[in-house]
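The structure under discussion appears below in the form of structure tokens.
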Amino acid sequence: MSKETLQAVKGMNDILPEEAELWLWFEEVVREWLHSYGYRNIRMPLVEPTALFKRAIGEVTDIVEKEMYSFEDSLNGDHLTLRPEGTASCVRAVLQHNLLYNAPQRLYYSGQMFRHERPQKGRYRQFHQVGVEALGFAGPDIDAEQILMCARLWQKLGLTDVTLQLNTLGDAEARQRHRAKLIAYFEQHSALLDAEAQRRLHSNPLRILDSKNPAMQELIAAAPKLMDELDEPALQHFEALQATLRQHDIAFEINPRLVRGLDYYNRTVFEWVTTRLGAQGTICAGGRYDGLLEQIGGKPAPAMGFAMGVERLLALVLEDGMAMPRAKLDVYIVHQGEQASQLASLVAEQLRDSKLRVLQHCGGGSFKSQMKKADGSGAVVAVVIGDDEAAANEVSIKPMQGGEQLRVSVQHLNETLNKFLS
Ligand code: ATP
Ligand code: MG
């Protein structure tokens, strides 16, 4: 009986070498960009206590209600969850290690996130985020910094038509007042609510505003506005952010319906969206979460952050027609005969001493078939060693783009090659 072939878990993707080149390039661009704003790397575990996400993200959110990979550790009964996002873990780590003790922190992380969703283009069960968090900063200057950062990254990635949606959720008291008015309003019109909205009416009425149900759009449009409840400090904060964005010519659209799917946000929230990835058009999202540190047991401190979906970003990069970058190979070593093979391996190591990227042919074959492989490898030159060369402690250099072949001693190989490679 033949064994069935094992497949990866649905919605969890392999990134094969060809595509991984693009990821490596992206990660390099992102790292340089983050460091240019003084953000520092932090690395958290992939698994956290389930209670952390329940408390931070909120019990009545899509993520906690239906998207988390939670399980009981069969060895000790602990309730654990594969992280669905990074902010909760990051804040947990900052509190656990007292990082805000004497200075605010600008931090970033990147890696896999896990959500049990229906897999489709731009929506996977294992996906990657780059997350950026600034903790201990209260003013709108940090909100502006993070939005300007994003704009600069889109520029570096060559992305066009990504637009900024902005909103403010105000502070806790204004949200309480608004919530009460919303519940009263939707109760009055409860006949028009769908099942999901009925269910959310008392637990998370704000999420009803996010509904895509066409039958409810009119009702939603006429609902009480949070904007009408905002207190002066929150309004001023929002105004100051907008002023800085205008000063930098960052276009934005204020979208009063932008509420975000996580409970911890207050004041500024934003999303960068594109119309070119179908329904999964949000490539980056974030906001302020001034209440979160206290909510998960720490001393209160203001904070602001955002996360980008790497799969969606890279899909957009490719959509914009960027050629797939490829790691460059300098030298392909072709060799035949026992003495030549021994010299080949010595020469390969000698070239790597000069920081060259060298692929030594393995597996034998005729000169002709080896040269074919050298051609396909993208190497700039082939270094060819036959018994003839080996006996003289020499090699032949063959430029792959055409040009004359020349023979040099092994001793002078590195300096001669530099002329071809610079
Ligand atoms: P969506 O509305 O698309 O479900 P979200 O509000 O759940 O997004 P966030 O929790 O804000 O997303 O995560 C930030 C970013 O991570 C998103 O803007 C998106 O680019 C990306 N992202 C979220 N969920 C997925 C997923 N399942 N697969 C791929 N990328 C994702
Ligand atoms: Mg989601």
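Whatever order the structure lists ligands and atoms in, that order sets their numbers, starting from 1. Note that the structure is a prediction, hence the values are computed from the model and not measured.
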Check: For Asn255 and Asn167, does a side-chain donor sit closer than 3.5 Å to a side-chain acceptor?
Finding: no
Check: Taking 4.0 angstrom as the limit, do Arg177 and Asp231 come out as a salt bridge?
Finding: yes
Check: Just checking, any donor-acceptor pair under 3.5 angstrom between side chains of Tyr69 and Gln126?
Finding: no
Next item on the list: Assess Glu311 for proximity to ligand 1: is some non-hydrogen atom of it under 4.0 Å away?
Entry: no
Notebook entry, point to check: At a 4.0 Å threshold, what atoms of ligand 1 neighbour a non-hydrogen atom of Arg115?
Noted result: 5 (P), 7 (O), 9 (P), 10 (O), 12 (O), 13 (O), 23 (C), 24 (N)
Notebook entry, point to check: Taking only heavy atoms of Thr282, which atoms of ligand 1 are found under 4.0 Å from at least one of them?
Noted result: 17 (C), 18 (O), 19 (C), 20 (O)
Note to self: Quick check on contacts: which atoms of ligand 1 are under 4.0 angstrom from a heavy atom of Ala285?
What the structure shows: 11 (O)
Margin query: For atom 1 (P) of ligand 1, which of the options Arg123, Gln129, His116 provides the nearest non-hydrogen atom?
Written below: Arg123
Note to self: Can you see whether His237 engages Glu232 through a side-chain donor-acceptor pair at a distance of less than 3.5 angstrom?
What the structure shows: no
Checklist line | Side chain, backbone, both or neither: Ile283 near ligand 1, heavy atoms under 4.0 Å | finding: backbone
Item checked: Arg200/Glu196 ion pair, N-O < 4.0 Å -> yes
Item checked: Side-chain donor-acceptor pair present, Asp228, His178, cut-off under 3.5 Å -> no
Checklist line | Closest to atom 29 (C) of ligand 1 (judged by heavy-atom distance), picking from Gly122, Gly286, Gly86 | finding: Gly122
